[in-house]
Amino acid sequence: MDVRRRSSLKPSFKNHVSDNKMFEAKDKKVVDGFVPLSLGISNGVFFTVFFSVTYFLLIRWREKIRNSTPLHVVTMSEIAAIFLFVASFIYLIGFFGMSFVHPTPYSDDEEEEEIEGDVNEIVRKEDSRVSSCGAALDCESDVVVKHLIKKDLEHLPTETVVTEEDEEVIKAVVSGKTPSYSLESKLGDCKRAAFIRRVALERITGKSLDGLPLEGFDYESILGQCCEMPVGYVQIPVGIAGPMLLDGQEFTVPMATTEGCLVASTNRGCKAIYVSGGATSVLLKDGMTRAPVVRFGTAKRAADLKFFLEEPLNFDTLASVFNKSSRFGRLQRIQCALAGKNLYIRFTCSTGDAMGMNMVSKGVQNVLDYLQADFPDMDVIGISGNYCSDKKPAAVNWIEGRGKSVVCEAIIKEEVVKKVLKTTVASLVELNMLKNLTGSAMAGALGGFNAHASNIVSAVYLATGQDPAQNIESSHCITMMEAVNEGKDLHVSVTMPSIEVGTVGGGTQLASQSACLNLLGVKGANKESAGSNARQLAKVVAAAVLAGELSLMSAISAGQLVKSHMKYNRSTRDLASKA
């Protein structure tokens, strides 16, 4: 953002700051010279009143107790004493409380040093801003500065300065002459567009966005693919769980979350798995789906297309048409479902290291265009008919799978269950049966036969740039626990049929998310084996869920859930003192 100022403002600016500080210093000296006498008199009076009425009330209540007189029956003198007691107590608490938090008065030398330091610092900021104006910029132009001096003196961040040129654009957005969505294309500067949109939004709504950061983000990287009409970005802390020993490799799992105790719990599960020899994973399926809905005049015609699509002799032809859309997208199967004269066609294809929704959609469109020649009466209602099924809990995903289908298992030794997880094998097996299996069945759960798989899936998805909405079907999981080795050790597994992840495209290319993928060693596309990075990421997600399930179930079994959340999920900071 270009910031313009008048260089001639600097001397008057310095004088203004100095004058303000001098006035503050003089006021402080006057108050310091007057306060002690008045405080001494008032404090003496209130101390006398406080202890006198306290003594009086204690004597009166002792007499009532001896005479069996109810304490709530009071005389006028007692009412007056209670009033004086409360008033003097409030005064003394207020005085000593305020004196406790008030800063210690400065000496004359300290005041002069502070004033000089603040003025020099503010002038240094002015010099920096003026020098940032290039030779081609008109540094003599007027600017709009809101409360600049006051904010600098309070050591608070200075508001971003609005130039005359930006002010004109802001007014056009506020008035509706310039659409907010067109700022990037009109200005050719994504960051400037975000700033102008932000200021215009504050003026239109009358609400401040001070807590929403604007600086420190590459707005060019999200243009046209991640987010429209940005006004800032939300900060989510990223923690790490691990090392996770999976298939003989160590992984440190990044988790972006605002839920206290989640990372710590998952980390404990990783430790239990690690010291027990690690976890093992198996990829069962790998295929993204898209299911358009088409309509015919009769159910018979819809059935004709169903038979045509499911005929094995026609698959190669349809696959060649589908595969033209991408060098990574390869059609695997076609599954149809009929509802009257409406036909739902579920295409499944491999998508390399991409999550693949756009890839499969393009292939589906190619096939629909091809079918139009043999079925001219086919009416395409929608490219997606919800038989896919995307971003919704669905039995078809739970049964058939979508994305990556993974099972991950580990055997936890008896001593690890006792020392690390603080519970027993028998308790975990019983709890898993009654909670994750029976309890979920009683609730009519669909793919939710687990303790909190969604917690871990969401945290890893946010950290690695996945589509957070796909957490819904990606969290389909059944957790199994069984005593093995003559009942001494615990076999635990998670089966997740629809983990939808990618390592290219979408949010994976953002700097923060890309760094987390790099931490896992799965950043970008795998040049040696297409799709290997995405498949590895799916296995890591399943392993992290395994660790999270193991730790949470242990906490519930040992009765530690509430205690741990009160310790790690509650702030102990004194927010009132900061306010």
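Only a predicted model underlies this, so the values are computations on that prediction, with no experimental measurement involved.
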Review point. Just one of Arg535, Arg402, Lys539 clears the salt bridge (Lys or Arg N to Asp or Glu O under 4.0 Å) bar with Asp286, so which one?
Key: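 Between Asp286 and the candidates, salt bridge (Lys or Arg N to Asp or Glu O under 4.0 Å) is satisfied uniquely by Arg535.
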Point to revise | Option among Met357, Met288, Arg330 that satisfies the side-chain contact (heavy atoms from CB on, under 4.5 Å) test with Thr351 | key: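 The option that passes is Met288.
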Point to revise | Result of checking Gln470, Lys404, Lys391 against Glu500 for side-chain contact (heavy atoms from CB on, under 4.5 Å) | key: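 Filter result, single survivor: Gln470.
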Just by distance, do the side chain of [X] and the backbone of [Y] share a donor-acceptor pair under 3.5 Å?
X      : Y      : value
Asn397 : Ser389 : yes
His476 : Gly448 : no
Ser326 : Phe328 : yes
Ser221 : Asp218 : yes
Ser405 : Pro497 : yes
Asn323 : Ala319 : yes
Gln466 : Gly502 : yes

Check your understanding: Mind checking what makes side-chain hydrogen bond (donor to acceptor under 3.5 Å, both in side chains) contact with Thr423, not counting sequence neighbours?
Key ->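 Residues passing side-chain hydrogen bond (donor to acceptor under 3.5 Å, both in side chains) with Thr423: Ser557.
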Do the side-chain N and O atoms of [X] and [Y] include a donor-acceptor pair separated by under 3.5 angstrom?
X      : Y      : result
Thr479 : Glu549 : yes
Asn471 : Ser475 : yes
Arg333 : Thr348 : no
Glu250 : Tyr274 : yes
Ser551 : Ser554 : no

Looking at [atom1] of [X] and [atom2] of [Y], how far apart are the two atoms once the value is rounded to the nearest 0.5 Å?
X      : Y      : atom1 : atom2 : answer
Ser361 : Phe347 : OG    : CZ    : 11.0 Å
Ile222 : Cys190 : CD1   : SG    : 7.5 Å
Ser493 : Glu409 : OG    : CD    : 6.5 Å
Leu550 : Leu428 : CG    : CG    : 7.0 Å
Ser281 : Gln249 : OG    : CD    : 9.5 Å
Asn386 : Tyr344 : CG    : OH    : 8.5 Å

For atom [atom1] of [X], decide whether the heavy atoms of other residues, nucleotides or ligands shown that lie under 6.0 angstrom number more than 12.
X      : atom1 : value
Glu311 : CD    : yes
Gln225 : CD    : yes
Leu309 : CG    : yes
Asn342 : CG    : yes
Lys392 : NZ    : yes

Review point. Hey, mind stepping through Glu310 and Ile334 against side-chain contact (heavy atoms from CB on, under 4.5 Å) and telling me if it holds?
Key: CA-CA 7 Å; Glu310 293 179 345; Ile334 301 175; 5.7 Å; no
Point to revise | Pairing of Arg197 and Glu184 as salt bridge, 4.0 angstrom limit | key: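 Glu184 and Arg197: salt-bridged.
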Point to revise | N-O pairing of Glu215 and Lys191 below 4.0 Å | key: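 Between Lys191 and Glu215 there is a salt bridge, with a charged N closer than 4.0 Å to a carboxylate O.
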Review point. With sequence neighbours left out, what residues match Tyr370 under ring pair (Phe, Tyr, Trp, His ring centres under 6.0 Å)?
Key: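 Partners of Tyr370 under the ring pair (Phe, Tyr, Trp, His ring centres under 6.0 Å) test: none.
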Practice item. Please work out which of the three classes, parallel, tilted or perpendicular, describes the rings of Phe449 and Trp398, given edges at 30° and 60°. Key: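 Parallel.
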Exercise for review: Tell me, with the steps shown, if Leu245 and Ile273 meet side-chain contact (heavy atoms from CB on, under 4.5 Å).
Suggested key: CA-CA 7 Å; Leu245 185 58; Ile273 294 172; 5.6 Å; no
Exercise for review: Return each pair, listed once, that meets salt bridge (Lys or Arg N to Asp or Glu O under 4.0 Å) where at least one residue sits in residues 488-497; pairs must be two or more places apart or across chains.
Suggested key: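 Listed once each, the pairs would be none.
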Practice item. Please report the C-alpha distance between Lys435 and Ser440 in whole Å, then the side-chain angles of each, then the deciding distance to 0.1 Å, and finally whether the side-chain contact (heavy atoms from CB on, under 4.5 Å) criterion is met. Key: CA-CA 7 Å; Lys435 171 182 168 62; Ser440 295; over 6 Å; no
**Study point:** Derivation and outcome, side-chain contact (heavy atoms from CB on, under 4.5 Å), residues Val360 and Phe322
**Key:** CA-CA 8 Å; Val360 66; Phe322 184 99; 3.8 Å; yes
